[in-house]
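Only one structure is covered here, and it is reproduced in the block below.
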Amino acid sequence: MPVSARALGVASKGLNVLGKAVAVVGLVNTGYQWSQGNISDTRAIADGVMGVVGFLGPWGAAASLVYFGTVAVYEHYYINDKAAF
């Protein structure tokens, strides 16, 4: 089923906006977790930096996904959903 260039352009713009919205929610969540003492200063800084790195092109997005994915898997499977650092 062929997809028009216009449809792909609309989908691309929608995903771009969605990605930015998810990043803002993630940064707000990091700030909230830090303010509640659930994560360390180091973790808050690392999460913030990697959140920003995710917008530095495809390599930045890949690095950010690897970071957050690795942290999520490690915390869930190896330390019973407690903060890694």
Side-chain angles (χ1 to χ4, degrees):
M1 170 166 63
V3 179
S4 72
R6 183 168 189 250
L8 290 173
V10 169
S12 175
K13 287 178 185 173
L15 290 172
N16 186 5
V17 170
L18 180 62
K20 289 177 182 173
V22 168
V24 168
V25 169
L27 287 172
V28 168
N29 183 50
T30 294
Y32 176 76
Q33 288 181 327
W34 174 74
S35 72
Q36 297 298 306
N38 297 332
I39 60 175
S40 68
D41 295 349
T42 304
R43 170 70 180 270
I45 292 167
D47 283 2
V49 167
M50 290 310 293
V52 171
V53 165
F55 288 98
L56 301 178
W59 289 105
S64 182
L65 285 170
V66 168
Y67 168 76
F68 286 111
T70 301
V71 168
V73 168
Y74 177 72
E75 288 177 348
H76 181 71
Y77 290 105
Y78 296 101
I79 57 174
N80 298 321
D81 293 321
K82 293 182 174 79
F85 58 99

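Computed from a predicted model, the values in this text were never measured in an experiment.
- L56 and V22 sit in two unconnected hydrophobic clusters of ILVMFWY residues. Membership requires side-chain heavy atoms under 4.5 Å apart, directly or through other members.
- Of all heavy-atom pairs between F85 and S40, the closest is C-OG, 3.1 Å.
- Through side-chain heavy atoms spaced under 4.5 Å, either directly or across other Ile, Leu, Val, Met, Phe, Trp or Tyr residues, W34 is tied to I39.
- Looking only at distances, no side-chain donor or acceptor of S12 sits under 3.5 Å from a matching main-chain atom of L8.
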Output a table of donor-acceptor pairs, distance under 3.5 Å, between side-chain atoms of residues 62-75 and any protein atom two or more places apart or on a different chain; print 'none' if there are none.
residue : atom : partner : partner atom : Å
S64     : OG   : M50     : O            : 3.0
Y67     : OH   : D47     : OD1          : 2.6
T70     : OG1  : V66     : O            : 2.7
E75     : OE2  : R43     : NH1          : 2.3
E75     : OE2  : R43     : NH2          : 3.2
E75     : OE2  : A84     : N            : 2.9

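- A7 approaches V3 most closely through the heavy-atom pair CB-CG1, 3.9 Å.
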